[in-house]
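The structure appears right after this line, and notes come after that.
Reckoned from all heavy atoms, side chains included, excluding hydrogens, waters and symmetry mates. The model shown is predicted, which means the values in this text are computed figures rather than measured ones.
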Amino acid sequence: MTPAVSMPPGPLGGSFAWQAAAFHDYDSWALHVTAADVAEIEAAAAATRAAGLDIRRIERTDVPLPGFAPKLATLRHRILGELGFGYVRGLPVERWDPDFRMRVYWGLSRHIGDPVPQNRNGHLIGHVIDIGTSVNDANKRITQTNAELSFHVDSCDVVALLCLATSKSGGESAIVSGVAVHDEMMRTRPDLCAALYGPIPMDRRGEVPAGGKGWYEMPLFNWHRNSFTGFAPVRLYVESVRRFPDAPPLTPILSEALDLFYELCADPRFCLMIPFRPGDIQYIHNHVVFHARTAYLVHPPPAPKRHLMRLWLSAADGRELPQALLAKWPVVERGKLRGGAVIAPDREWIVPLEAETPAY
């Protein structure tokens, strides 16, 4: 007999269970940088360059930001302890060269968390840009295409996205409270909510740990030490797991539960569409907030392609995580550098400057 999974006694509520209507006035709650903030940020980044610091070696203490750091601390608390997301807006990215942009982005983000590698090639900063990767290549993730990305999370405590250029059309960013979606399922279809506390097979998309299989199983909802942890896979990765004959098939109730889950994530009551603008940084607490993008078309040359730069961040003081995440995460212990992609132990961690560097 399968042991009963641990679940909360009822809907969770609280500040993480927000709905979209509360946040449509984007400008009122984003952290806007001032001219004084920009001057301080640029001086700190320039100091790391003058000192010859490799971007990968820049610590939080190398970017002190006496005026702006308290604002980042408030933002960090909002991300990890209140809402699950936060935005910095107004960075003048257009006047910075690629190395300087990365120094700024890295330096600001060190005040939020500690970077971990985000793909099997050890990239610490990833370029989310269409390089022509085929959506049908099941051994690659689809971030470097122009395809839709359904609501999902990344394998880290906090995911950061810095916008450098937007698309001609589409490419809209959306976030949703996983807690609000969970609570709605628990209220309206508790049977389907309970099903998502059980294991669901998913495709590793070619990122296979030594001695492991090409697929793994993970619950979408976890209740651990009286704390909720959500996990959302790209829907395509649940579907492509069928290519493995030894992967368990989805049961009818799991299929129905997943349909309702993704339907609620996209429901306008819960789904918050937020326009990216160049100079925005979006920070998302992956355990409680899921993110998505629509398919898009790029501007014709010579205009730049839609381009976001991504960081995966570990929060040493983050929440206790369930052991179930070890199916995907290399490390889950609180206080350690945790999360990140499965990579060979001798693979060097790198920061690729070239925008169209293949991630896979």
Side-chain angles (χ1 to χ4, degrees), residues 8 11-26 28-31 71-89 108-109 111-114 116 149-162 173-186 196 219-234 261-262 264-274 276 280-293 308 310-322 325 329 332 334 338-339:
L12 300 164
S15 62
F16 287 127
W18 51 263
Q19 295 192 15
F23 296 104
H24 280 308
D25 185 6
Y26 180 94
S28 70
W29 47 263
L31 171 55
K71 299 178 185 180
L72 287 174
T74 299
L75 182 73
R76 187 178 191 273
H77 177 71
R78 187 178 304 154
I79 295 162
L80 293 175
E82 292 181 348
L83 299 176
F85 66 93
Y87 288 75
V88 174
R89 190 171 194 188
L108 294 180
S109 297
H111 287 262
I112 306 297
D114 305 312
V116 293
L149 281 169
S150 66
F151 280 96
H152 65 284
V153 300
D154 293 343
S155 297
C156 55
D157 291 315
V158 176
V159 59
L161 289 167
L162 167 63
S173 174
I175 63 174
V176 69
S177 163
V179 179
V181 170
H182 166 274
D183 286 359
E184 182 69 7
M185 291 188 71
M186 184 167 273
L196 295 185
L220 263 65
F221 299 150
N222 294 273
W223 185 245
H224 177 67
R225 297 190 180 181
N226 292 317
S227 178
F228 172 84
T229 296
F231 180 86
V234 173
F261 170 77
Y262 288 108
L264 288 174
C265 284
D267 188 314
R269 291 177 296 163
F270 306 110
C271 172
L272 180 59
M273 305 294 290
I274 299 172
F276 261 126
D280 286 354
I281 304 178
Q282 175 194 70
Y283 292 104
I284 295 174
H285 188 188
N286 274 302
H287 308 309
V288 292
V289 171
F290 312 145
H291 60 286
R293 76 159 187 234
L308 308 178
R310 183 179 59 206
L311 277 165
W312 283 7
L313 303 171
S314 168
D317 57 347
R319 62 180 50 203
E320 295 282 355
L321 295 177
L325 265 65
W329 287 41
V332 299
R334 191 171 189 265
R338 63 185 189 180

For Ala20, side-chain contact (heavy atoms from CB on, under 4.5 Å) partners two or more places apart: His24, Leu272
First locate atom OG of Ser109, then atom CG of Leu162, and finally report the distance between them rounded to the nearest 0.5 Å. 8.0 Å
Flag side-chain contact, heavy atom, 4.5 Å: Trp223 against Leu12: yes
Kindly assign one of parallel, tilted or perpendicular to the pair Tyr87 and Phe276, based on the angle between their ring planes and the thresholds 30° and 60°. tilted
Look at the aromatic rings of Trp329 and His287 and report parallel, tilted or perpendicular, splitting at 30° and 60°. tilted
Beyond-backbone contact of Met185 with Phe221, side-chain heavy atoms, under 4.5 angstrom: yes
Qualifying residues under salt bridge (Lys or Arg N to Asp or Glu O under 4.0 Å), relative to Arg269, sequence neighbours excluded: Glu184, Asp267
Heavy-atom side-chain proximity of Val159 to Gln282 below 4.5 angstrom: no
List in chain and number order the residues that pass side chain to side chain donor-acceptor pair (under 3.5 Å) with His224, two or more places apart in sequence or in another chain; answer none if no residue qualifies. none
Who pairs with Pro219 by side-chain contact (heavy atoms from CB on, under 4.5 Å), at least two apart in sequence or on another chain? Asn222, Ala324
The criterion is side chain to side chain donor-acceptor pair (under 3.5 Å); which residues satisfy it with His285, sequence neighbours excluded? none
Rounded to the nearest 0.5 Å, what separates atom CG in Leu321 from atom CG in Asp157? 6.0 Å
Below 4.5 Å, heavy atoms only, C-beta onward: do Phe16 and Val289 meet side chain to side chain? no
Calculate, to the nearest 0.5 Å, the distance between atoms NE2 and OH belonging to His111 and Tyr283 respectively. 9.5 Å
With a cut-off of 3.5 Å and sequence neighbours excluded, list every side-chain donor-acceptor pair involving residues 311-320.
unit_1	atom_1	unit_2	atom_2	d
Trp312	NE1	Asp154	OD2	3.1
Ser314	OG	Lys336	O	3.4
Ser314	OG	Arg338	N	3.1
Asp317	OD1	Arg76	NH1	3.4
Asp317	OD1	Arg76	NH2	2.7
Asp317	OD2	Arg76	NH1	3.0
Arg319	NH1	Ser227	OG	3.4
Arg319	NH1	Phe228	O	2.2

Which residue, Phe290, Phe151, Trp18, Phe23, forms the side-chain contact (heavy atoms from CB on, under 4.5 Å) with Ile175? Trp18
